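Just so we're on the same page: letters track the sequence lines, and every chain starts at 1. These figures come from a predicted structure and were not determined experimentally.
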Amino acid sequence: MAAPAPQRFTLPNGLRVVLAPDRSAPVVGVSVHYDVGFRSEPEGRTGFAHLFEHLMFQGSESLEKLAHFRIVQSSGGTFNGSTHPDYTDYFQLLPAAALERALFLEADRMRAPKITEENLRNQIDVVKEEIRLNVMNRPYGGLPWILLPPILYRTFPNAHNGYGDFTDLEQATVDDCAAFFDAYYAPGNAVLTVTGDFAVEEATALVEKHFGDVPAREVPRRPSFAEPAPTSELRGEHADPHAPLPALSVGYRLPDPVTDLPGYLAYVVLAGVLTDGDASRLQQRMVHREPLVTDVSAGCGLFGTPLDARDPDTFTCTAIHPREVPVERVVAALDEELDSLAAEGPTAEELARVTARWASNLHREHDRIISRTLALGSFELLHGRAELVGELPRLIAGVTVDAVAAAAKNMRPDTRAVLTVSPAGGA
Amino acid sequence: MTDSTADTATRTHRGAEEIGRTPLGPRELPPLGAHVAAIEPPTVDVVLPNGLRLIAVQRSAVPMVELRLRIPFAGTDPLHAARAELLASTILTGTARRSRVQVDTDLALVGGELDAAVDPERLSVGGHALVSGLDTLLDVLADTLTGAAYADEEVDRERSRLLERITVARSQPSVIAREALQRHRYGDHPFAKEMPQAEEVAQATAEDVRELHRAAVLPRGSVLVLVGDIEPQRAVDVVGSALAGWSADASASVLPPLPPITGGDMLLVPRPGAVQSQLRLTAQAVPRTDPRYPAVQLANLVFGGFFSSRLVENIREQKGYTYSARSYLEFTPDGATVLIDADTASEVTAAALLETRYELGRLGLVPPTESEVDSARRYATGSLLTATASQTGLAATLAGLAQVGLGPEWLRDHPDRLAKVTVEQVAEAALEFFPPSAVTGVVVGDAERLAPQLRALGGVRIP
């Protein structure tokens, strides 16, 4: 990739900063990644990390309620935030002229967010509507990210619903918010990323100006969420009142993406060999040849984004199938294809296909400045290496036939969870 | 419970009050820096000898090329929607030269993908490849356009899969609401039929699909957008030669004009057991070629077209009735409509509708202020810039403009048009296009729970 390597520095208060200038279009991306996600929320407070993300938009010392949205948008920009298992990000995409404003907004809420009872109650209502929209009122809601973890994992951080139960959400207090902010939103627990049309010296000065006096606070010790892998196949069922067809999702544990990146990437390539495109193994067999399923997909990460969480992370394979096809036939076909890949490995052409598509998709992601900003920030936070964004095509191209075969061999029935979704509507 | 009741002696964290204050106090918002205009990229906009319009733009940040083909694809036959869906599902499943697997393999080896989709107006084929693989991408496209085989076994498989997919789609509340709104707005006009019925799909044959391809997959009147790391004149040369064999005298088929929307009662559409309702409101607007369009665009933004709009601030940020509320314009070749969407819990659906109507009325009667208009204007200008900063974003934007007959110059000139809109023009647009009396629509949800409140509110037909 032609873009120069990102530059980084750390402010005295501990804030890590990644700068990736690119003068090709007069726009900038700004993001802050905090090292806390829904795996860190306390028991009895499911959904709290996400609820708190909403509250970070509700005003800060210099900004009234609604001011954040109004300022970003009246500067010509767009904004959002999202909560992941291990981090929470906040971001803006704006015309280059608004760079300083975006830094001001992020610094102000990192320094002194205004958390009020009224805004907390309002955002609990908004989040409940979000959950109704994305989970409760639609078919296959929460598949697989909410439904699979409680089967594959045993400990609360890994198994619980990151969107939260309504009862837990309703019990959240302003003081919970204060405790959460003080524990996890210290500058030393965050990464600021700026990409796009700016000069490095100018951006460095602006970052120092706005973030320099955010007081340093203690950074929490990061807990390990490790737990033993299953030793026998785990099964679970979910009755879906809106689903017209049955579905299943099979989950496997992945190697630690931080300490065993090459091992993890073998599974990324394996997922491509299995389900990426009409020529992939499961598309050919399950969708067309036999056929068993309406649609099938496989990938690393509960949200389909590889390298987006620390250990433990999940490989999923999800399919929707007609009622006449028994679940066991779909699972058996998956096992047969995995056995065949474990024995013989993928062909050179299969690897070449996956490698070229990955290179091309990474270029496209890199070309969208907000995707690039978020990838740089999350890789810096999770892996300590924003550079990974540019290195991934080469790393993926380096995955061998043997490595993919070994990955396939590890995906044994006794190490997985199988979730079946059954239609439970009146229709 | 508030933090003031917590026991400060045992607390290890600060209270919310303390967190929200610093010794320095509130700080002043920095001004915007100097505006930087986007550099106009090298562009060509030509009609090739076969009647295909080609828009090619050079954007070289990454070594990729994005391709968007739009073929007007309207039909009045009652089975058109079924045949068209089946065609879109099978057009990339092989040719005389390539099997389905070979199509995917050839594309994958150059980092490429192609997908086809159809709606009542057009057949869309979109894709991308590493720029080094552009020849392959165009060869697969040309092969498909001139020689898609529609083998019986591929059509048979995709037909049964399409039936399953339609079943899944019709279980989505957003799809149910959209279908109900289209029927409510346009009755049995072909524009309203975005998804065929299962029994129609079951009737469609491979020969029907081949016949439809011959009759309707035509270059004349269609547009191809190519954005990427390629010099535009070279794009003209390679596309011209790759697609030279795609030719016909007839023109691609354009949708007949739509009847204008008139305001009236909304319709309650039952969805038993729903925990959330879909509010879908609509009114007539004007297309981008109309001189009033920039004012309508800004009025729409102030109403519900971005987050800092009256509607979102009211029903989400003040009242918590919804996660997602928005209004936006939908364009057809000869017109445009406003669409207003919100999904709300059953218990607050009627209240959310009341507030939506209130904001519609208020937009005309208490028109957008200078500051509201300026915010909307800067957002419109800025988001045009950010949305077109990537190859994918620019390709999508240009394809959207091209299918209503506009070109890259519209994009170039639009900031200037927005800059000239006055507050008075926005007020006029608000009063003309957004009054509650001009609006109709549907409410989809648990009818038993909704009916008493909606009946009391009025203006909603309860079946």
Quick note, side-chain hydrogen bond (donor to acceptor under 3.5 Å, both in side chains) partners involving residues 26-41 of chain B, not counting sequence neighbours, are A:D213-B:R27
Tell me, for [X] versus chain B, whether the close heavy atoms (under 4.5 Å) come from the side chain, the backbone, both or neither.
X: A:Q73; answer: both
X: A:K128; answer: neither
X: A:V72; answer: neither
X: A:A97; answer: both
X: A:I370; answer: neither
X: A:P322; answer: side chain
X: A:L245; answer: side chain

Over all atoms of both residues, closest heavy-atom pair of [X] and [Y]:
X: B:H128; Y: A:S360; answer: CD2-OG, 3.6 Å
X: B:D104; Y: A:D278; answer: OD2-N, 2.9 Å
X: B:L385; Y: A:P26; answer: CD2-O, 3.7 Å

Under a plain distance cut-off of 3.5 Å, with no hydrogens placed, do [Y] and [X] share a side-chain donor-acceptor pair?
X: A:S62; Y: A:D108; value: yes
X: B:T90; Y: B:E158; value: no
X: B:T344; Y: B:T349; value: yes
X: A:H50; Y: A:E130; value: yes
X: A:S280; Y: A:T275; value: no

Out of [options], which one racks up the most heavy-atom pairs below 4.5 Å with chain B?
options: A:L99, A:T294, A:I131, A:N361; value: A:T294
options: A:G277, A:S24, A:A25; value: A:G277
options: A:Q283, A:E350, A:R368; value: A:R368
options: A:H321, A:R111, A:R217; value: A:R111
options: A:L93, A:V127, A:L66; value: A:L66
options: A:P113, A:A98, A:A352; value: A:P113

Do the side chains of [Y] and [X] get nearer than 4.5 Å, heavy atoms only?
X: B:L32; Y: A:R101; value: yes
X: B:R165; Y: A:D295; value: yes
X: B:S308; Y: B:E313; value: yes

Heavy-atom distances under 4.5 Å only: say whether [X] touches chain A with side chain, backbone, both or neither.
X: B:S324; result: side chain
X: B:L162; result: neither
X: B:V312; result: neither
X: B:A376; result: neither
X: B:P31; result: backbone
X: B:R316; result: both
X: B:A345; result: both

Name the option with the most non-hydrogen atom pairs under 4.5 Å to chain A; the candidates are [options].
options: B:L92, B:V101, B:D343; answer: B:V101
options: B:P30, B:S375, B:G33, B:G20; answer: B:P30
options: B:R377, B:Q318, B:E164; answer: B:E164
options: B:V36, B:L301, B:V275, B:T392; answer: B:V275
options: B:Q391, B:R378, B:Q276, B:R170; answer: B:Q276
options: B:E66, B:Q278, B:K319; answer: B:E66

Report task. Would you please indicate yes or no on a ring centroid separation below 6.0 angstrom for A:F69 and B:F306? Result -> no
Side chain to side chain contact (heavy atoms under 4.5 Å, CB included) filter on A:D276, not counting sequence neighbours, yields A:R357
* **Candidate list A:F57, A:Y184, A:Y185, test ring pair (Phe, Tyr, Trp, His ring centres under 6.0 Å), partner A:F52, passing option** =>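 Of A:F57, A:Y184, A:Y185, ring pair (Phe, Tyr, Trp, His ring centres under 6.0 Å) with A:F52 is met by A:Y185 alone.
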